[in-house]
Colleague: 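Questions regarding the structure given below will be posed in turn.
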Amino acid sequence: MNKCSIAEAMIYQLALTIEDGGLVFHGYGSPLVQIALHLAKRTHAPNIILVAGATYAVNPTPVFLTPTSNDAAMAIDAECTLDITELFDLAASGRMSRMFLSGLQIDGFGNLNVSRLGVDRLSLKLAGGGGGCNLSCDAQHLTLWTAAHRTEIDIQGKRRYRLVKHCDFITSVGHKTVDGKPRAAMPYQGKGANRLVTELAVFDFDEKGQARLIELYPDTDVEMVKTHTEFDFVVSSTLSVVPLPDAGMVAFMRSFDPLGVHRREFRESELKRFFDY
Amino acid sequence: MNKCSIAEAMIYQLALTIEDGGLVFHGYGSPLVQIALHLAKRTHAPNIILVAGATYAVNPTPVFLTPTSNDAAMAIDAECTLDITELFDLAASGRMSRMFLSGLQIDGFGNLNVSRLGVDRLSLKLAGGGGGCNLSCDAQHLTLWTAAHRTEIDIQGKRRYRLVKHCDFITSVGHKTVDGKPRAAMPYQGKGANRLVTELAVFDFDEKGQARLIELYPDTDVEMVKTHTEFDFVVSSTLSVVPLPDAGMVAFMRSFDPLGVHRREFRESELKRFFDY
Amino acid sequence: MYTATDKRCTLSELISHLKTGDCLAIGGGLSCREPMAALRELIRAGISDLTVIGSAHGIDVDMLCGAGVVAISGESYVGFEHDFGMAINFRRACESGQVQARDNCCYTLVQQLRAAIMGLPFMPIRSVQGTSFMALHSEYKTMICPFTGDELVLVPALSPDVALLHAHYADNHGNLYIEGAPVADMLFAKAAKKTLVTVEKIISHAELVQKGITIPYFYVTALCELPFGAHPTSCYPLYAYDRKHTQHYHHCAKQGAASFQADYLQPFVYDCASHDDYLARVGASRLSELQNWQHDWLRCYE
Amino acid sequence: MYTATDKRCTLSELISHLKTGDCLAIGGGLSCREPMAALRELIRAGISDLTVIGSAHGIDVDMLCGAGVVAISGESYVGFEHDFGMAINFRRACESGQVQARDNCCYTLVQQLRAAIMGLPFMPIRSVQGTSFMALHSEYKTMICPFTGDELVLVPALSPDVALLHAHYADNHGNLYIEGAPVADMLFAKAAKKTLVTVEKIISHAELVQKGITIPYFYVTALCELPFGAHPTSCYPLYAYDRKHTQHYHHCAKQGAASFQADYLQPFVYDCASHDDYLARVGASRLSELQNWQHDWLRCYE
């Protein structure tokens, strides 16, 4: 029987959030998303306008997945190219169908932090959010994701959550701002996140804009997800197990990333998780 | 003795308003200005950034002056090219040194009308002002011009002035708006017109923003200029006669415009005026 | 966003995307690269009541006015420069009230298109205030800048229903290559709800990439291959402006509205069921002359 | 507007246009086409107290932070992605307070640069509100749109004192050709008060026109020919990213601020009086490998 890794299963969940026909963008430093977009384009969504972060190449055929996004290898055989202004204008005018965002902190309404930890004083400076702040407002739909949902217990015996009650800083917006304004009250073009994909579970967002657990992996359960999630969430009445990629998809993902760049998103221990398909 | 035509003398006056080193633009449908820019670039202002209207070619070497501006013959051997957005952005950010504007009506403050005649009802629809409205505000300096200063007396015995007291419509702004606001009160980038060149005279603009007669042609005088000008104007205490182009300049102008396109700006009777140089 | 694999269609299919009452942005400028064949088809198709917007136009807008299909002009210039002077049909239509003259200015138009492209309700602009355009366009608003205290004009976003362009080359997918001055074509394509394109020649994607892509495919709704589709305007380096034809056009317009109908529109528009019919009427030898402009450029203007 | 006939100068002359306290926009992005040689010269020249602005940056901004010459960062990303992760010097400088972290977002930056390019005091933007960037940037203002009633954010114009770019080719006059992703280089050149450029090779104007002109000469203040001027970042197709060198760089940074000074800045910046000295230290064989990336692209990353 064939096996896929948790990484491959998760990439497939990301790919499944892509509808055919729209403009889909991946930012830099997002190997899981890069693979997911190319997987979707080669399977159920051949007509997406696939725009590569950093190079702004449209529908390229990368030679292999490079660990740094602004490499010519990622832009090879692009059908055409955009630039930073045109890509962000397309989003701002409501013409970006979907964008993918991650964060070191993700709250239950889909607000993200990738700027800094520390509320009163800066305790950890992160790389920054790139265009995520703007695109979280502008893109029609967002897929949120993290490959580090599972918490570890630190020296003081405390869990450091990725899925938190409150972000220290809001780099990009979810369904409700921290001062309580619902997304609909804002002049954004986009409708916000409709999926949050992690290595433990998949959430959608309910009518109140709150994350709702809809899918588990074959080796996870609700209790486990609750343990590793600081915010409260509802469990869908139709809770199910994620679909898994087929052999062709897995083969594509492996050939696309010969350096295994996408594995760097995961702890070593996670990468021991394999599923039969 | 060599002779230059009034058209050539007037083109030279236009060229003399150009300082070296800045970005200078001619719009479409402006053969006198087109020749003046190329004359200036080949004589006293070799470092101007010469941008051609319609093609947005920078520093081209036209094959010959075409009567329609958006012809590839006008863009030949351009050093580089701009487009409509970049050219107008340069003006809007205060980086266009000089622009040239004409009108069917020109008032004593340098307001122009090239849109329509008739105040209460439209009696004559003109071609429109192109980018003149924007550029009259944005360009650092303006040279105004008309080759039809001299009035004719119509059937009712009335003079139809080109240089008027009041324009029927303000296509582009001068030193004082029609509701009396001085240019300095407006958020424009540019300082407005500092020359008005006609086939009868040359004016500058005084500290009140009013046209002041500073130069005559060898065959014109103050009375003649007054006869053909509806608005009142001051005569400079240093009134002089315009300088005339030299043989090389005249030869250049003739070779640049083998079709004599620039002559179409003038009445036949004006083109009989020649000056010895 | 238009992602069909093959955008090719017939001229009448292309024009079927345009509706009576639409706001139309016409590509090209003055005597260069106007989508004339598509405009002739639009007239034949009985589409009318158009609002036209643009910067520097000539025979394209004038012909639509002469055919009575324009309701509002938001152009900044319609004329024949020092070649033939006034745009007679345009002028006649404006003066009679058939066309409402709501003139615009080049940069104002650019900023309005940009607002649409950026999904903004408006763009600020320093110019325009102090001119009569403020009264002509009651839709403009003003604001006091909270940074500088300056009064700025806010011009609303303008998204044409249709951008109608003529390009040199395209691939089946709708990627376009335009050579020479792009005028406002790119702005139109990005700002418009639909972009309809006639093209001199459809080539393979590989060939197109060699030339460079001016406008990406996803802006393009539909595409029709139409050699000499810009005639009598130019499409350099493929062919020059047909000044003689334009002279005849202008002469017909000058004789009055009825003469223009009978002597120009009838033979060159209504009586031509197809673009091929039109080209046959212009004549192969004339077209060949226009292709060979480089032999004696000056002669094109004599 | 820069119209000198010959813009060529030495690297130290180029950098003399940059002053302590300037706002600096660095061209390129991530591991691609960073003006690294010019940044090393800037450090040697003792210029400091810089405000850096940009979108996606890595070793360029990190090295300036490691050298202690940055006061404020207005970047939207500084890191080494999945290659090496965090930008250690940047992080250390921000956390110690040596660098004030005034993070920006890509499109906000684009709109601020555009405001400068268009001579506007600000640009409106729909996004940003609802995020913590509003509190971080008290210079942003809001307005109620008079067309829609929406609340919009107004971000002020941003005109860097200096744009520092690395291009593939230039002519003496300063016309530039850049191949591949232009990132924000064109915006920087148009918005900045001065544009300083290092270039792989200066070629004749005729040759440059054949390639195409990315940035017109009049934006360019001064120009210095500097082959491998982007090393260790890439300048495809001329040479690939030097991942091994970057790995060494990152390793030195990880060991602490003092180690970074002693083991990286000393040998590769301070001890190199010239760019040639630096290239000699990197070694001709290594440079030749980078030029021959196409022989085995994957190997560049192993």
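So you know, we letter chains A, B, ... as the sequences are listed, proteins then strands, and number each from 1.
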Colleague: Please tell me if the side chains of Thr148(D) and Pro187(A) come closer than 4.5 Å, counting only heavy atoms from C-beta onward.
Modeller: no
Colleague: Looking at Arg263(A), I'd like to know if its CZ atom is crowded, meaning that more than 12 non-hydrogen atoms belonging to other residues, nucleotides or ligands lie closer than 6.0 Å.
Modeller: no
Colleague: Of all heavy-atom pairs between Cys133(A) and Ser127(D), which one has the smallest distance, and what is that distance?
Modeller: O-CB, 4.4 Å
Colleague: Under a 3.5 Å distance rule, please check whether Thr177(A) uses its side chain to pair with a backbone N or O of Gly130(D) as donor and acceptor.
Modeller: no
Colleague: Could you check if a side-chain atom of Asp83(D) sits within less than 4.5 angstrom of a side-chain atom of Arg264(A), using non-hydrogen atoms only?
Modeller: yes
Colleague: Work out which heavy atom in Gln129(D) is nearest to a heavy atom in Tyr188(A); give both atom names and the distance.
Modeller: O-OH, 2.5 Å
Colleague: Name the region of Tyr301(D), side chain, backbone, both or neither, that has any atom closer than 4.5 Å to a heavy atom of chain A.
Modeller: both
Colleague: Let me confirm one number: the CG-NZ distance from Asp103(D) to Lys125(A), rounded to the nearest 0.5 Å.
Modeller: 3.5 Å
Colleague: State, yes or no, whether a side-chain contact exists between Met86(D) and Leu126(A) at a heavy-atom distance under 4.5 Å.
Modeller: yes
Colleague: If I measure from the heavy atoms of chain A, does Ala56(D) come under 4.5 Å with its side chain, its backbone, both, or neither?
Modeller: both
Colleague: More than 12 non-hydrogen atoms from neighbouring residues, nucleotides or ligands closer than 6.0 Å to CZ on Arg160(A), yes or no?
Modeller: no
Colleague: Any heavy-atom pair between the side chains of Arg114(D) and Thr85(A) that's under 4.5 Å?
Modeller: yes
Colleague: What closest approach, in Å, do Ser76(D) and Tyr28(A) show between heavy atoms, and which atom pair accounts for it?
Modeller: OG-OH, 4.1 Å
Colleague: Of all of Thr171(A), Asp83(A), Val63(A), which one pairs up most often with chain D through heavy atoms under 4.5 Å apart?
Modeller: Thr171(A)
Colleague: Return the set of residues passing ring-ring contact (aromatic ring centres under 6.0 Å, His included) with Tyr219(D) (not counting sequence neighbours), or none when no residue passes.
Modeller: none
Colleague: With a 4.5 angstrom heavy-atom cut-off, could you sort out which part of Leu109(D) is near chain A: side chain, backbone, both or neither?
Modeller: neither
Colleague: Does any non-hydrogen side-chain atom of Pro258(A) lie less than 4.5 Å from one of Leu298(D)?
Modeller: yes
Colleague: Measure distances from Leu135(A) to the heavy atoms of chain D and classify the residue's part below 4.5 Å as side chain, backbone, both or neither.
Modeller: neither
Colleague: Determine whether more than 12 heavy atoms belonging to other residues, nucleotides or ligands lie under 6.0 Å from atom CD of Glu268(A).
Modeller: no
Colleague: Any ring-ring contact (aromatic ring centres under 6.0 Å, His included) pairs touching residues 83-104 of chain D, not counting sequence neighbours?
Modeller: Phe84(D)-His250(D)
Colleague: Chain A: which of Cys300(D), Gly149(D), Ala135(D), Ala181(D) shares the most heavy-atom pairs with it under 4.5 Å?
Modeller: Ala181(D)
Colleague: Is there a side-chain contact between Cys137(A) and Val128(D), using heavy atoms and a 4.5 Å cut-off?
Modeller: no
Colleague: For Thr81(A), which atoms come within 4.5 Å of any heavy atom of chain D: side chain, backbone, both, or neither?
Modeller: neither
Colleague: Step through the shown structure and confirm whether more than 12 heavy atoms of other residues, nucleotides or ligands are within 6.0 Å of CZ on Arg299(D).
Modeller: no
Colleague: Counting heavy-atom pairs under 4.5 Å to chain D, which of Gly129(A), Gly190(A), Pro31(A) comes out on top?
Modeller: Pro31(A)
Colleague: How long is the straight-line distance from OG1 of Thr55(A) back to CG of Leu30(D), given to the nearest 0.5 Å?
Modeller: 10.5 Å
Colleague: Hey, which of Leu124(A), Leu87(A), Asn113(A), Leu82(A) has the most heavy atom pairs under 4.5 Å with chain D?
Modeller: Leu124(A)
Colleague: So which of Asn104(D), Val78(D), Leu136(D) has the largest heavy-atom pair count under 4.5 angstrom toward chain A?
Modeller: Val78(D)
Colleague: Surrounding CG of Asp179(A) (heavy atoms of other residues, nucleotides or ligands, distance under 6.0 Å), is the total greater than 12?
Modeller: yes
Colleague: Exactly one of Asn134(A), Asp138(A), Asp89(A) should register a side chain to side chain donor-acceptor pair (under 3.5 Å) with Tyr107(D). Which one does?
Modeller: Asp89(A)
Colleague: With a 4.5 angstrom heavy-atom cut-off, is it the side chain or the backbone of Val110(D) that approaches chain A, or both, or neither?
Modeller: side chain
Colleague: Counting only non-hydrogen atoms closer than 4.5 Å, can you tell me which residues of residues 66-76 of chain A sit against chain D?
Modeller: Thr66(A), Pro67(A), Thr68(A), Ser69(A), Asn70(A), Asp71(A), Ala72(A), Ala73(A), Ile76(A)
Colleague: How about His245(D): does its NE2 atom have over 12 heavy atoms from other parts shown lying under 6.0 Å from it?
Modeller: yes
Colleague: Any ring-ring contact (aromatic ring centres under 6.0 Å, His included) pairs touching residues 132-155 of chain D, not counting sequence neighbours?
Modeller: Phe169(A)-Phe133(D), Phe122(C)-Phe147(D), His137(D)-Tyr140(D)
Colleague: Pick one of side chain, backbone, both or neither for Arg92(D), based on which atoms fall under 4.5 Å of a heavy atom in chain A.
Modeller: neither
Colleague: Under 4.5 Å between any side-chain heavy atoms of Leu259(A) and His82(D), yes or no?
Modeller: no
Colleague: Look at Gly130(A), Ala78(A), Cys167(A) and state which one has the largest set of heavy-atom pairs under 4.5 Å with chain D.
Modeller: Gly130(A)
Colleague: Name the region of Leu113(D), side chain, backbone, both or neither, that has any atom closer than 4.5 Å to a heavy atom of chain A.
Modeller: neither
Colleague: Any heavy-atom pair between the side chains of Phe88(A) and Gln111(D) that's under 4.5 Å?
Modeller: no
Colleague: Which heavy atom of Thr131(D) sits nearest a heavy atom of Ser172(A), and at what distance?
Modeller: CG2-CA, 4.4 Å
Colleague: If you round to the nearest 0.5 Å, how far is SG of Cys106(D) from CD1 of Ile84(A)?
Modeller: 5.0 Å
Colleague: Enter the distance from Glu95(D):CD to Arg116(A):CZ here, rounded to the nearest 0.5 Å.
Modeller: 10.0 Å
